[in-house]
Amino acid sequence: MNTLANRLNQAQPYALGLFRIVIGLLFACHGAASLFGVLGGANGGGTVETGAWPGWYAAVIQLGAGALVLLGVGTRGAAFIASGSMAYAYFDVHQPEGLFPLQNGGDGAALFCWAFLLLVFTGPGALALDSLFGARSSAAARPSSEEKRPTVAA
């Protein structure tokens with residue numbers, strides 16, 4: 001008999017995949033807003049100046065890493081970079097204003113940092129493009145049934 005815990009365990013890869021997709025989309029939207037002025041833009045409607053430290057570089061990381069995480073391509077590496085950028089944002093921009101995220105407005109940076117760090121350790125879950133490419137390459141690498149037969153020395 002399937003218990004609720006067993007059913008939830010079976011759904012875990014899909015829940016993780018959905019989590020990855022949502023986090024990646026939200027992160028990519030932040031980067032697109034800062035770089036292109038869409039979705040409300042950066043700082044009240046504009047864009048960040050090209051090459052400005054650290055805003056422009058953060059936006060490039062947000063757009064690039066967010067898109068990779070969203071698609072499930074190179075998820076662990078992209079999530080590692082994204083987590084580090086959000087840790088930097090928290091400690092450089094927010095933490096000097098107060099110790100706790102509620103005091104310094106760093107809730108988003110802290111949550112993104114920990115969400116991406118989770119993805120570094122869990123991987124992409126289901127519905128990732130890497131799993132499609134990995135399944136094809138591992139199927140191509142498997143020997144055929146004829147190659148599996150042992151040969152008898154004469």
Side-chain angles (χ1 to χ4, degrees), residues 3-142:
T3 64
L4 178 61
N6 288 340
R7 289 183 183 174
L8 290 173
N9 286 339
Q10 289 174 349
Q12 185 176 1
Y14 298 99
L16 183 59
L18 185 59
F19 174 79
R20 172 188 47 80
I21 290 167
V22 169
I23 293 296
L25 176 65
L26 293 174
F27 204 59
C29 285
H30 276 278
S34 295
L35 291 173
F36 308 119
V38 298
L39 305 170
N43 304 322
T47 61
V48 293
E49 184 181 334
T50 303
W53 178 259
W56 185 81
Y57 295 94
V60 169
I61 290 171
Q62 288 169 352
L63 182 61
L68 289 172
V69 168
L70 167 68
L71 296 172
V73 177
T75 301
R76 289 178 192 249
F80 183 76
I81 299 294
S83 179
S85 75
M86 288 295 96
Y88 176 85
Y90 182 79
F91 287 110
D92 187 61
V93 177
H94 298 286
Q95 198 274 330
E97 302 297 320
L99 180 61
F100 296 105
L102 191 58
Q103 295 172 313
N104 62 32
D107 302 60
L111 287 170
F112 272 127
C113 178
W114 287 104
F116 283 119
L117 191 62
L118 177 68
L119 289 172
V120 170
F121 288 97
T122 61
L127 310 172
L129 288 182
D130 271 352
S131 65
L132 290 176
F133 300 132
R136 287 183 186 162
S137 64
S138 65
R142 275 187 243 134

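Predicted model only: the values in this text are computed from it and were never measured.
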Any side-chain heavy atom of Phe116 within less than 4.5 Å of one from Val120?
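Heavy-atom side-chain distance check fails, nothing below 4.5 Å.
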Quick one: side chain to side chain donor-acceptor pair (under 3.5 Å) pairs with a partner in residues 96-111, sequence neighbours left out?
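Residue pairs with at least one partner in residues 96-111: Tyr90-Asn104.
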Would you please name every residue forming a ring pair (Phe, Tyr, Trp, His ring centres under 6.0 Å) with His30, sequence neighbours left out?
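Counting only residues at least two positions away or on another chain, His30 forms a ring pair (Phe, Tyr, Trp, His ring centres under 6.0 Å) with Phe112.
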Does a sphere of radius 6.0 Å around CG in Leu102 hold more than 12 heavy atoms from other residues, nucleotides or ligands, not counting ones at 6.0 Å or beyond?
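Atom CG in Leu102 is not crowded, with 12 or fewer foreign heavy atoms closer than 6.0 Å.
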Result block: side-chain N/O donor-acceptor pairs under 3.5 angstrom for residues 47-65, not counting sequence neighbours:
{"unit_1": "Gln62", "atom_1": "OE1", "unit_2": "Gly31", "atom_2": "N", "d": "3.4"}

Could you pull out the closest heavy-atom pair between Ser34 and Ala42, with the gap in Å?
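So the minimum-distance heavy-atom pair works out to CA-CB, 3.6 Å.
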Donor-acceptor contacts, no H, no angles, side chain residues 9-21, under 3.5 Å, sequence neighbours left out:
{"unit_1": "Asn9", "atom_1": "ND2", "unit_2": "Ala5", "atom_2": "O", "d": "3.3"}
{"unit_1": "Arg20", "atom_1": "NE", "unit_2": "Pro124", "atom_2": "O", "d": "2.8"}
{"unit_1": "Arg20", "atom_1": "NH1", "unit_2": "Val69", "atom_2": "O", "d": "2.9"}
{"unit_1": "Arg20", "atom_1": "NH1", "unit_2": "Leu70", "atom_2": "O", "d": "2.8"}
{"unit_1": "Arg20", "atom_1": "NH2", "unit_2": "Ala126", "atom_2": "O", "d": "3.0"}
{"unit_1": "Arg20", "atom_1": "NH2", "unit_2": "Leu127", "atom_2": "O", "d": "3.0"}

Using the side-chain contact (heavy atoms from CB on, under 4.5 Å) criterion, which residues pair with Val38? Sequence neighbours excluded.
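For Val38, the residues satisfying side-chain contact (heavy atoms from CB on, under 4.5 Å) (neighbours in sequence not counted) are Ala32, Phe36.
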If you round to the nearest 0.5 Å, how far is CZ of Phe80 from CG of Leu119?
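One gets 13.5 Å once the value is rounded to the nearest 0.5 Å.
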